[in-house]
*Asks:* 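Structure incoming, see below.
So that the names make sense, note that chain A is the first sequence line, chain B the second, and so on, each numbered from 1. Because the structure is predicted, anything quoted here is derived from the model rather than measured.
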Number of protein chains: 2
Amino acid sequence: MWLRTSSREERGGPPLSRRRIVDEAVALLDAEGADRLTMRRLAERLGTGSTTLYWHVKTKDDVLDLALDAIFAAVPIPEDQEWRAGVTRLIGDWRATLLRHPWSAALLGRPMLGPNVLARSDFLYAALVGAGVTEPHLTAAAFGLSNFVIGSALMQATWLVNADAETRDAARDHMAQQSDRYPALAAHGPLTATDGWDESFERGLNWLLDGIEATVATG
Amino acid sequence: MWLRTSSREERGGPPLSRRRIVDEAVALLDAEGADRLTMRRLAERLGTGSTTLYWHVKTKDDVLDLALDAIFAAVPIPEDQEWRAGVTRLIGDWRATLLRHPWSAALLGRPMLGPNVLARSDFLYAALVGAGVTEPHLTAAAFGLSNFVIGSALMQATWLVNADAETRDAARDHMAQQSDRYPALAAHGPLTATDGWDESFERGLNWLLDGIEATVATG
DNA sequence: CGGTCACTCGAACAACGATCCGATGGAGGT
DNA sequence: ACCTCCATCGGATCGTTGTTCGAGTGACCG
């Protein structure tokens, strides 16, 4: 009896649940990246066998979908704000969350239909409608803002993930070596520098918001 | 001698080369999608052994990087146009190419440093500089436009790839079932419809271009 | 003719996602 | 106290993947 191996202490704390699996998956993704997430490794961190996970979850893709939606719980839904301030905050927090979990960039190519994502998309639509934006500008505004955040986070996360000095230096050398072939790029584009990205993001976001705001003024 | 299996006719035509591998990889990706691309299957289509590919290419990721860059050869670099028309064309063709090869969306999370991508980025920078856009607006403009195309194509390709009626209907049902939880979304957002995307894309692009144009007017 | 060089490929390895089938253990009934 | 049931777990295993190793093959050059 005391030699039993399956006491709750020797396993990973509370009983296994979909919730615990997803939380641990996010932790593992944060720590080691998207390609290091394995059902076996995930199970090991949870103190269970790998096959046990399949009782709570149908496939590995489900884990990824759930993990991707889970991180957006950290994006607060603004309340009682003027529409533009609220949208700016939502989009900014959205981007910050994507960048805090750079592995999420690689997963953006799958349908995002989780409750957290839907709730925040719903807020976005509601805020735009409340601002007086009407079709066909409404769809364009919602899509434009979403696409802008996603693209922005994807590009920046690409360089956050490959942040090893080797890749970075190789890229810089590669560019410098062919600076005659890409003159404008060599003169202005620090492609691997993530310094001005926050400011650039804000600028682009404001261009979009200005355009959206103009449609409600002129109809 | 006549029993020899390695005559050129029994293998795949001309001798193997990096060029042929990449072309066939693009064809395979177009035909079956990103997850069906296997070194073995790719080799089979080329009429060679799977391990032979590793003589011309270091890893599978190299094949993906090369294939991703290869498709942008189909994006013509505009010439002799007013800057806004040229940029609009470039971005539009860029998006069209991404959508013509929907598997590319899943690969956008990797550094794009191929010659085709760099040449077109160089044109974008040059066009903006020629228009009189200066820092810090220049970086923001280039990033904003790039991010917008990438995000837009990524979102739309997500639904092109999962275009099976099953997934689509399931998504629609899932939304309709919880329309009380997401009222604004249910009222306006046909998330799975790709109808108005072209128009929405153009609208968003023009908002960005308007904003960029304004910075050159006011300094 | 001998040798070098570019190129090819079968066998093999480790790791992966996924699944079968059996073991375990606690709750609840009798 | 015993049995039954069912949620929960895991060892063994299957098929597939990316990649390496070393042995080949033929063309070309001296």
*Asks:* Kindly point out which of dC9(C), dG10(D), dT19(D) is positioned nearest to the side chain of T48(B)?
*Replies:* dC9(C)
*Asks:* Base, sugar-phosphate, or nothing for R41(A), non-hydrogen atoms under 4.0 angstrom?
*Replies:* sugar-phosphate
*Asks:* Determine the contact category for T51(A): base if any of its heavy atoms lies under 4.0 Å from a base atom, sugar-phosphate if only primed atoms, P, OP1 or OP2 are that close, otherwise nothing.
*Replies:*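 Touches a base.
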*Asks:* I need the CG-C1' distance between L42(A) and dA18(C), as an integer number of Å.
*Replies:*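 Computing the L42(A):CG to dA18(C):C1' distance gives 15 Å.
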*Asks:* Output the rounded distance in Å from CE (M39(A)) to C1' (dT17(D)).
*Replies:*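 Result: 17 Å.
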*Asks:* Does T59(A) contact dG17(C) through a side-chain donor or acceptor facing the base, at a distance under 3.5 Å?
*Replies:*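 Absent.
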*Asks:* Find the distance L28(A):CG to dC16(C):P and express it as a whole number of Å.
*Replies:*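 Between P of dC16(C) and CG of L28(A): 11 Å.
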*Asks:* I'd like to know if the side chain of E135(A) pairs up with that of T139(A) as donor and acceptor (distance under 3.5 Å, no hydrogens or angles considered).
*Replies:* yes
*Asks:* Any idea how H137(B) and W207(A) line up, ring-wise: parallel (<30°), tilted (30 to 60°), or perpendicular (>60°)?
*Replies:*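 Rings of H137(B) and W207(A): tilted, 30 to 60°.
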*Asks:* Could you state the atom-to-atom distance from NZ of K58(B) to P of dT19(D) in whole Å?
*Replies:* 10 Å
*Asks:* Calculate the interatomic distance between H56(B) atom NE2 and dT8(C) atom C1'; express it in whole Å.
*Replies:* 8 Å
*Asks:* I'd like to know if the side chain of D93(B) and the backbone of V75(B) have a donor-acceptor N/O pair within less than 3.5 Å.
*Replies:*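 The answer is no, because no donor-acceptor pair under 3.5 Å joins these two groups.
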*Asks:* Between P on dC9(C) and CZ on R40(B), what's the gap in Å once rounded to a whole number?
*Replies:* 15 Å
*Asks:* Rounded to whole angstrom units, what separation is found between the CZ atom of R36(A) and the C1' atom of dC16(C)?
*Replies:*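 From R36(A) CZ to dC16(C) C1': 14 Å.
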*Asks:* Can you tell whether the side chains of K58(B) and D65(B) come within less than 4.0 Å, N to carboxylate O?
*Replies:* no
*Asks:* Atom CH2 of W55(A) and atom P of dA23(C): how far apart are they, to the nearest Å?
*Replies:*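 That distance rounds to 20 Å.
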